[in-house]
Each structure stands twice: as C-alpha cells, then as structure tokens.
Amino acid sequence: MFRRQERSDDDNKAYAYALRLLTAREYGYDELLRKVSQKYQIKTAENAVMRCRENGLQSDERFAQLLCRHAEIKLSGPGSVKIDAMRRGLDPDELDPYLDEIDFDALALAFLQKRYASAPDLSYAGKRKMLAALYRRGFDRDTCIEALEQFCISLPD
C-alpha cells in the first residue's frame with residue numbers, strides 16, 4: 001500500500017537541497033547533515049554538507065554566534081543556550097567565546113522587569129516563583145539571586 005521511497009544518491013540534488021535549507025536559516029553541521037540525510041543517502045548527504053562548508057555557506061562558528069544572539073533576544077541564560085546547542089548537534093564549548101560577551105546579569109534583570117514589573121509579588125512564595133522562572137530560563141543560581149535583589153531594589157516604594 002505505502003511504498004518506502006528510496007533515498008537518492010544524486011550529489012547535485014543533495015547539494016541543491018542543502019543550499020535551499022541554508023537559505024531559510026543557519027544550520028550547524030550535524031543538524032544540516034541529519035536533515036539532508038533524511039532525503040539522500042548518507043554518503044551523498046555528507047558530500048553535500050562538506051561542499052557547503054568548503055564554500056563557506058555553512059559554519060558552526062556562525063551558528064554558535066546566532067544561538068547566542070538569539071539567547072539575548074529571548075532573555076535566556078547560558079544553560080538554556082548550551083542545551084539548545086547540544087540538541088542541535090553543536091559542541092557547547094564552541095559557544096564559550098560568544099557567551100563571555102553577554103551580560104547575563106542584565107538579561108536576568110531584564111527578564112524579571114518584563115515579566116513581573118506590572119504586578120510584583122514580593123512575598124516569600126512570589127520571590128521563589130521568580131527565582132524558579134529565572135532558573136528554568138537557564139540562569140545559574142548566583143545570577144538568579146543577584147537579579148532578584150536588583151529587581152526588588154529597583155521597584156518604587
């Protein structure tokens with residue numbers, strides 16, 4: 001009834017498919033390889049992705065920069081970024097130079113101001129909820145506590 005479609009071994013079509021994917025968004029090497037190998041034989045997919053890399057169309061460095069920039073926009077912490085990188089097949093250590101440039105204390109405070117400024121609950125339970133929200137976004141313990149202290153100080157009396 002349903003026939004499984006054979007994976008093609010056409011190098012040019014695989015390369016064109018990889019290019020089509022890369023025009024939509026940036027991919028890490030492993031993520032692009034996984035995507036291309038769904039339609040093409042593994043060796044053909046590897047050749048296509050390597051050809052993209054050799055031509056400068058695919059770069060794990062550029063992908064790492066993009067993930068870090070995206071974390072700033074989403075107000076996420078370094079833990080969240082590293083988990084996202086691992087999920088996409090990128091070595092989390094490649095993110096370190098770009099993560100060092102980000103002020104995560106300011107991001108954590110910005111998150112609290114965005115989420116809780118309109119109706120802050122400064123009770124013990126409310127503060128625990130704020131800390132938990134920061135922690136879920138990938139911030140470490142010290143950053144969470146510092147951001148909460150700064151948030152409480154910045155509120156009008």
How many angstroms lie between atom CD of Gln58 and atom CG of Leu21, to the nearest 0.5 angstrom? 11.5 Å
How many angstroms lie between atom CG of Leu112 and atom CG of Leu107, to the nearest 0.5 angstrom? 11.5 Å
Here the gap from Arg25 atom CZ to Leu66 atom CG, rounded to the nearest 0.5 Å, amounts to 8.5 Å
Nearest 0.5 Å, please: how far is CE in Met50 from CG in Leu32? 11.5 Å
Short question: side chain of Asp140, backbone of Thr143 - any donor-acceptor pair under 3.5 Å? yes
Decide yes or no on side-chain contact (heavy atoms from CB on, under 4.5 Å) for Gln41 and Asn47, but give the supporting numbers first. CA-CA 10 Å; Gln41 293 180 2; Asn47 292 339; over 6 Å; no
Looking at side-chain heavy atoms only, is the closest gap between Gln113 and Phe151 below 4.5 Å? yes
Looking only at heavy atoms, the pair that brings Glu31 and Arg88 closest together is CB-O, 3.4 Å
Lys129 versus Tyr116, closest heavy-atom pair with distance: O-OH, 4.0 Å
Same cluster or not: are Ile145 and Leu155 linked, directly or through other Ile, Leu, Val, Met, Phe, Trp or Tyr residues, by side-chain heavy atoms under 4.5 angstrom apart? yes
Lys35 NZ/CZ over Tyr27 ring centroid, <6.0 Å and within 45° of normal: no
Check: Asp96 and Lys82 side chains under 4.5 Å, non-hydrogen atoms: yes
Hydrophobic cluster identity match, Leu67 and Leu33, side-chain contacts under 4.5 Å: no
Any link between Leu99 and Tyr135 through a network of hydrophobic side chains (Ile, Leu, Val, Met, Phe, Trp, Tyr) touching at under 4.5 Å? no
Heavy-atom closest contact (Ala18 atom, Cys52 atom, distance): CB-SG, 3.7 Å
Roughly how far, to the nearest 0.5 Å, is the CG atom of Leu75 from the CG atom of Leu109? 10.5 Å
Within the side chain of Ser80, is there an N or O that forms a donor-acceptor pair under 3.5 Å with the backbone of Gly77? no
Can you confirm whether Tyr98 sits close enough to Ile102 that some side-chain heavy atom of one is under 4.5 Å from a side-chain heavy atom of the other? no
Output yes when a side-chain donor or acceptor of Asn55 lies under 3.5 Å from a complementary backbone atom of Leu57, and no otherwise. no
Assess whether atom CZ of Arg62 is packed by more than 12 heavy atoms of other residues, nucleotides or ligands within 6.0 Å. yes
Which heavy-atom pair separates Val81 from Ala71 by the least distance, and what is that distance? CG2-CB, 3.1 Å
Do Tyr15 and Leu22 sit in one hydrophobic cluster, given that two such residues count as connected whenever their side-chain heavy atoms are within less than 4.5 Å of each other, even indirectly? yes
Does Ala108 offer a backbone N or O that forms a donor-acceptor pair with the side chain of Arg137 under 3.5 Å? no
Just verifying a value: how many Å separate Glu61 CD and Gln65 CD, rounded to the nearest 0.5 Å? 5.5 Å
Check: Lys127 and Cys152 side chains under 4.5 Å, non-hydrogen atoms: yes
Looking only at heavy atoms, what is the nearest atom pair of Tyr29 and Asp60, with distance? N-OD1, 2.8 Å
Shortest non-hydrogen separation from Ser76 to Phe104 and the atoms involved: O-CE2, 3.5 Å
